[in-house]
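Each chain gets a letter, A, B and so on, in the order its sequence line appears, and its residues count up from 1.
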Amino acid sequence: MIIYSIRRVAGLVPILLGVLLVTFLLMQAIPGNPIDRLVGQAATADERARLRHNLGLDRPLAVQFGIYLSNLARGDLGQSFASREDVGREMLSRLPNTVRLGVYAMVIASLLGVLGGVVSAVWAGGAPDHLVRVLSVFGLSTPIFWFGLLLMLLFARCLEWLPPSGDGQSTFSLILLPGLGFKNGWPHLDFSGFAYLVLPALTLGVRPAAFISRVMRSQMLEVLSSDFIRTARAKGLSEWAVVFRHALANAMIPVVTLIGVDLGSLLAGSVITETVFSYRGLGMYTLEGIKNREYPIVLGTVLLTSVMFVLANLAVDLACAWLDPRLRVEGRS
Amino acid sequence: MSAWLRLFMPRRIGWLTGAGTVGCCLVLAAAVLGPSLAPHPVQLVHMLENVDPPKQPPSLTHPFGTDWHGLDVFSKVLWGARYSLTVGLASTAVSMLIGLFVGLTSGYFGGFYDGLWMRLVDVVLAFPSLLLAILIAASLEPGLLTIFLALSMVSWAQIARLIRSLVLSLREQEFVVAAVALGASHCRVILAHILPNLLPTLVVIFSTRIGVMILSEASLNFLGLGAPSEAPSWGVMVFFGMDHFNEAAWCSVFPATAIALTVFSFNLVGDGVRDALDPRLKDAA
């Protein structure tokens with residue numbers, strides 16, 4: 001198991017290098033150049049050349065990439081061209097927001113998805129089943145941005161229950177719990193930030209919820225028809241106990257895998273959700289970077305997102321390999 | 001009973017799949033006939049003589065209202081069907097062709113060739129797919145072609161990996177071994193013996209991917225990375241309609257509903273096709 005884990009982790013290094021290289025080359029291809037964005041068209045050729053030299057953009061591409069990698073190895077992600085802000089620090093300050101959004105979206109998705117899947121399987125073929133299935137296909141079909149806009153319209157504009165946008169950044173720290181943060185170094189309770197999280201998390205959670213409910217349904221149907229469930233029923237257990245104590249636990253295994261894998265892809269979905277709600281997270285930072293041709297920002301955020309994405313997949317694989325030794329042997333061949 | 005026959009057995013088609021099929025036919029009809037059915041022009045050039053007041057609410061003349069230029073939203077939504085379907089179908093087809101080629105050849109030949117392709121697949125899959133599509137779309141000139149290229153270049157990898165895993169097991173089957181023993185060329189083994197066995201899976205992938213592609217197209221356009229503002233694309237209409245959301249919500253409500261209903265129909269049909277042809281893929285799609 002240890003050798004398997006080491007081999008898997010070592011295999012990630014070339015993949016992430018590939019990710020960086022692809023991102024770097026794509027950024028070079030983006031039309032327009034960062035100098036134009038910084039000084040505008042009016043600047044003289046001399047000023048442009050000086051700026052280009054200062055930013056290191058006049059060196060060959062291979063050298064630029066090499067310098068970036070060697071800085072990266074020292075933990076330096078570079079600075080924004082325009083504001084000269086440290087990209088690593090800015091990313092760190094936004095990361096908790098995105099992680100918090102992703103975790104809450106996943107909690108919502110898991111609750112809704114598992115519940116929907118169980119209801120659908122228990123009443124298979126009946127009205128609740130049809131309802132859940134139609135809702136789940138609809139959840140998979142609705143554009144995220146559209147769902148976000150509808151929620152915003154309903155809860156923020158019409159009912160005025162929740163704030164339409166922003167992140168309520170006040171006392172939130174690295175702590176994931178809403179309401180618990182640090183103020184002047186002391187733990188502090190403040191629920192104002194929570195309201196800003198509800199709509200984005202719900203928006204981001206709809207797709208995975210739909211997906212989880214579909215998988216949960218098919219798993220539950222399979223488990224409910226197995227022998228041990230018949231035994232449980234024959235023992236005279238109530239239907240409630242059969243479903244929740246016996247079937248649910250066994251049907252959950254693939255669903256847990258799915259939840260892990262989806263957590264990674266939620267990070268990408270956050271680009272749209274954060275844009276809709278002007279939520280100050282990594283997704284919005286990436287998009288700003290792309291639009292302003294800020295290479296360091298894009299490389300940094302893409303690397304971080306991909307690392308988290310790949311690590312989530314790895315964690316799921318390792319957990320499966322730990323639970324099922326056959327996978328370790330297959331992975332070796 | 002062959003897989004193909006099962007697909008067309010009426011009792012297999014539930015009412016959900018039926019509803020999806022009707023929806024798909026309507027969207028297809030709108031895509032083909034839309035421009036000739038559209039009651040009003042959708043380009044500003046034609047508007048100079050005959051300008052309607054902007055931001056009119058839905059009425060009998062303009063069932064979906066008019067947008068901020070005074071263009072008829074209903075006509076634009078009809079035109080948008082052609083745009084979205086073109087991008088959705090073309091990018092699905094192209095990504096499937098690339099994925100099929102890579103999966104077939106690397107699964108069949110194996111070795112160094114396989115290793116090379118699979119490392120590339122690893123890199124592509126290490127990106128969250130929408131993020132890579134955004135990067136590619138941003139690195140090209142905005143337009144229909146860009147969206148199509150970005151979507152095709154992102155989604156081939158997943159298909160290649162799935163096809164490869166199927167080819168790996170098909171390669172060991174007796175009928176393939178027999179064909180090789182009879183002296184069939186690589187090309188013949190791949191095209192005449194392996195490919196036909198992949199067809200049901202390919203149909204399933206195709207029908208389940210179209211919805212995803214249309215949705216991704218809308219998302220890229222929504223982020224402002226695709227077509228220009230005057231293009232009759234549903235995503236673009238929602239994106240620019242947001243600026244006028246408070247006073248003219250219909251500018252984005254109708255195109256967004258069109259996206260949702262189209263993808264909904266395609267997903268319903270995709271589910272039906274998958275259940276009929278390849279129930280094993282139930283969780284994978």
Heavy atoms, side chains only, cut-off 4.5 Å: are Phe138(A) and Asn267(B) in contact? no

Are the charged groups of Arg133(A) and Asp271(B) less than 4.0 angstrom apart, N to O? no

Counting heavy-atom pairs under 4.5 Å with chain B, which one of Val302(A), Val310(A), Val298(A) comes out on top? Val302(A)

Contact part of Leu215(B) toward chain A, heavy-atom cut-off under 4.5 Å: side chain, backbone, both or neither? side chain

When only pairs under 4.5 Å are counted, which of Leu153(A), Ile144(A), Thr275(A) shares the most heavy-atom pairs with chain B? Leu153(A)

Max heavy-atom pair count under 4.5 Å with chain B, selected residue of Leu17(A), Thr142(A), Val307(A), Val19(A): Val19(A)

So, do Leu16(A) and Val123(B) sit near enough that their side-chain heavy atoms are less than 4.5 Å apart? no

How long is the straight-line distance from CG of Leu140(A) back to OG1 of Thr208(B), given to the nearest 0.5 Å? 11.0 Å

Thr286(A) OG1 to Leu135(B) CG distance, which is reported to the nearest 0.5 Å: 8.5 Å

Do Val22(A) and Phe127(B) make a side-chain contact, defined as non-hydrogen atoms from C-beta onward lying under 4.5 Å apart? yes

Do the side chains of Trp146(A) and Ile259(B) get nearer than 4.5 Å, heavy atoms only? no

Check the orientation of Phe145(A) and Phe222(B). Use parallel for under 30°, tilted for 30 to 60°, and perpendicular for over 60°. parallel

Do Ile272(A) and Leu130(B) come close enough that some side-chain heavy atom pair is under 4.5 Å? yes

Can you name the one residue among Thr301(A), Val271(A), Leu287(A) that meets side-chain contact (heavy atoms from CB on, under 4.5 Å) with Leu131(B)? Val271(A)

For Met118(B), does the CE atom have more than 12 heavy-atom neighbours from other residues, nucleotides or ligands under 6.0 Å away? yes

Which answer fits Ile15(A), side chain, backbone, both or neither, if we ask what part of it has an atom under 4.5 Å from a heavy atom of chain B? both

Test item: Val238(B) and Leu149(A) side chains (from C-beta on) under 4.5 Å apart, heavy atoms: yes

Looking only at heavy atoms and a cut-off of under 4.5 Å, which of Asp122(B), Leu223(B), Val212(B) has the most pairs with chain A? Leu223(B)

Could you have a look at Ala218(B), Gly235(B), Gly211(B), Ser265(B) and say which one has the most heavy-atom pairs with chain A under 4.5 angstrom? Ala218(B)

So which part of Ile214(B) gets closer than 4.5 Å to some heavy atom of chain A, the side chain, the backbone, both or neither? neither

